[in-house]
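What you see is a predicted model, and the numbers here were worked out from it, not measured in a lab. Chain A is the first sequence line, chain B the second, and so forth, proteins listed ahead of strands; every chain is numbered from 1.
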Amino acid sequence: MRFWLLKSEPEVFGYPDLERAGREPWNGVRNYQARNFLREMAAGDLCLFYHSGAKPPGVAGVARVVRAAYPDNLQFDPQSPYLDPKATPEAPRWSMVDVAPVQALARLVTLDDLRGLPAWADSPLLARGSRLSVLPVSPGQFEAALQAAGTALAHLPGPPPRWPFDGLSQGAVQLGVYSQLV
DNA sequence: GCCAACGTTGGC
DNA sequence: GCCAACGTTGGC
């Protein structure tokens with residue numbers, strides 16, 4: 001299992017919107033590096049749902065990938081600002097995954113909070129001028145973000161976790177940071 | 001293939 | 001609202 005961070009402007013689509021929707025295609029990504037990360041995602045991967053352009057910006061919740069990458073519908077939609085005239089159904093250019101809500105964080109983990117976490121020091125998210133909207137997160141970064149929020153993932157299905165597991169620390173396993181993919 | 005111009009992102 | 005950083009476009 002891998003971990004990711006997805007950016008979204010909460011005024012457009014925030015974590016509460018994902019909870020209401022129950023499931024959402026993560027479409028409209030039009031950056032090749034971000035697209036390539038989408039294509040690396042597997043069902044079951046967990047994502048930090050990051051609110052960008054917010055006051056303050058930060059991680060608001062955890063989402064799960066429920067469908068691996070497939071062609072982004074909006075690239076073919078003449079009514080969409082995400083239309084790509086060079087894309088065809090035979091040769092799609094852009095991809096999306098489906099995500100579902102897992103749990104809201106007990107409190108927002110702000111950008112400033114992340115800057116204070118040693119595990120996050122080398123994240124592209126914190127790099128000056130970084131605009132990447134989909135980026136990988138290490139198990140240690142994921143765990144540190146959850147701990148900063150004081151959130152335990154209580155509702156993940158699956159068998160009891162075994163230690164060591166998925167690169168997470170024993171503390172994270174006790175918090176319930178695991179997936180059904182054993 | 002270079003690079004200036006432009007549009008967008010996103011924190012502040 | 002500002003502006004730095006970045007990606008893309010398009011002329012040459």
Side-chain angles (χ1 to χ4, degrees), chain A residues 2-21 24-41 45-65 69-99 101-138 140-151:
Chain A
R2 298 182 66 185
F3 302 95
W4 309 91
L5 182 144
L6 299 174
K7 284 185 193 173
S8 186
E9 297 179 31
E11 291 186 6
V12 177
F13 191 86
Y15 188 76
D17 295 309
L18 181 62
E19 289 185 322
R20 276 189 287 275
E24 187 73 10
W26 206 258
N27 52 21
V29 171
R30 293 294 179 270
N31 169 282
Y32 285 105
Q33 196 179 357
R35 179 204 68 180
N36 293 342
F37 286 139
L38 288 175
R39 290 180 176 178
E40 291 181 29
M41 291 181 178
D45 284 1
L46 294 177
C47 307
L48 298 175
F49 195 112
Y50 180 87
H51 284 174
S52 62
K55 290 181 274 187
V59 178
V62 176
R64 184 199 301 282
V65 176
Y70 61 110
D72 180 326
N73 57 317
L74 298 182
Q75 68 193 309
F76 313 122
D77 181 356
Q79 306 304 317
S80 171
Y82 296 109
L83 171 72
D84 184 341
K86 294 179 182 172
T88 66
E90 296 73 30
R93 178 175 294 196
W94 305 106
S95 298
M96 62 184 178
V97 299
D98 287 355
V99 297
V102 173
Q103 194 163 312
L105 296 194
R107 72 174 190 86
L108 187 78
V109 178
T110 67
L111 184 58
D112 271 351
D113 291 333
L114 294 177
R115 287 200 177 100
L117 300 176
W120 281 81
D122 59 350
S123 171
L125 181 74
L126 305 186
R128 184 177 169 81
S130 169
R131 303 184 329 196
L132 199 55
S133 63
V134 179
L135 53 115
V137 163
S138 72
Q141 288 165 351
F142 188 82
E143 175 188 345
L146 287 185
Q147 286 177 343
T151 290

From CG of L125(A) across to C1' of dG11(B) the rounded distance in Å is 11 Å
Worksheet item: Can you check whether K7(A) has a side-chain N or O nearer than 4.0 Å to OP1 or OP2 of dT9(B)?
Response: no
Scanning both residues in full, the closest heavy-atom pair of R93(A) with R35(A) reads O-NH1, 2.9 Å
When rounded to whole Å, the CG to C1' distance for the pair D112(A) and dG10(B) reads 14 Å
ask   = For dT9(B), does OP1 or OP2 lie under 4.0 Å from any side-chain N or O of Y50(A)?
value = no
So what does R115(A) touch, heavy atoms closer than 4.0 Å: a base, only the sugar-phosphate, or nothing? sugar-phosphate
| query | Are R30(A) and D72(A) close enough for a salt bridge, meaning some N to O gap below 4.0 Å? | reply | yes
Between CG of L132(A) and P of dT8(C) the distance, given in whole Å, is 11 Å
R35(A) atom CZ is separated from dT8(C) atom P, nearest whole Å, by 10 Å
Students should find that the end-to-end axis angle of the helix from dG1(B)-dC12(C) to dC12(B)-dG1(C), with five pairs defining each axis and rounding to 10 degrees, is 10°
Item checked: Verdict with supporting geometry, C47(A) and V65(A), side chain to side chain contact (heavy atoms under 4.5 Å, CB included) -> CA-CA 7 Å; C47(A) 307; V65(A) 176; 3.8 Å; yes
With R107(A) as partner, the option from V59(A), T151(A), D113(A) fulfilling side-chain contact (heavy atoms from CB on, under 4.5 Å) is D113(A)
Using only atom types and a distance under 3.5 Å, with no angle test, would you say the side chain of W94(A) pairs donor to acceptor with the backbone of G28(A)? no
Between OH of Y82(A) and C1' of dT8(C) the distance, given in whole Å, is 16 Å
Residue set satisfying ring pair (Phe, Tyr, Trp, His ring centres under 6.0 Å) with F49(A), at least two apart, ordered chain then number -> Y15(A), W26(A), H51(A)
R131(A) CZ to dC3(C) P, in whole Å, measures 18 Å
Winner on side-chain proximity to L111(A), out of dG7(B), dC12(B), dT8(C), is dC12(B)
One should read off an interatomic distance between D112(A) CG and L126(A) CG, to the nearest 0.5 angstrom, of 10.0 Å
Rounded to whole Å, the CG-P distance (L126(A) to dG11(B)) equals 11 Å
**Q.** N/O (side chain, R128(A)) to phosphate O (OP1/OP2, dA5(C)) under 4.0 Å
**A.** yes
Separation of dT9(C) atom P from N31(A) atom CG, nearest Å, is 12 Å
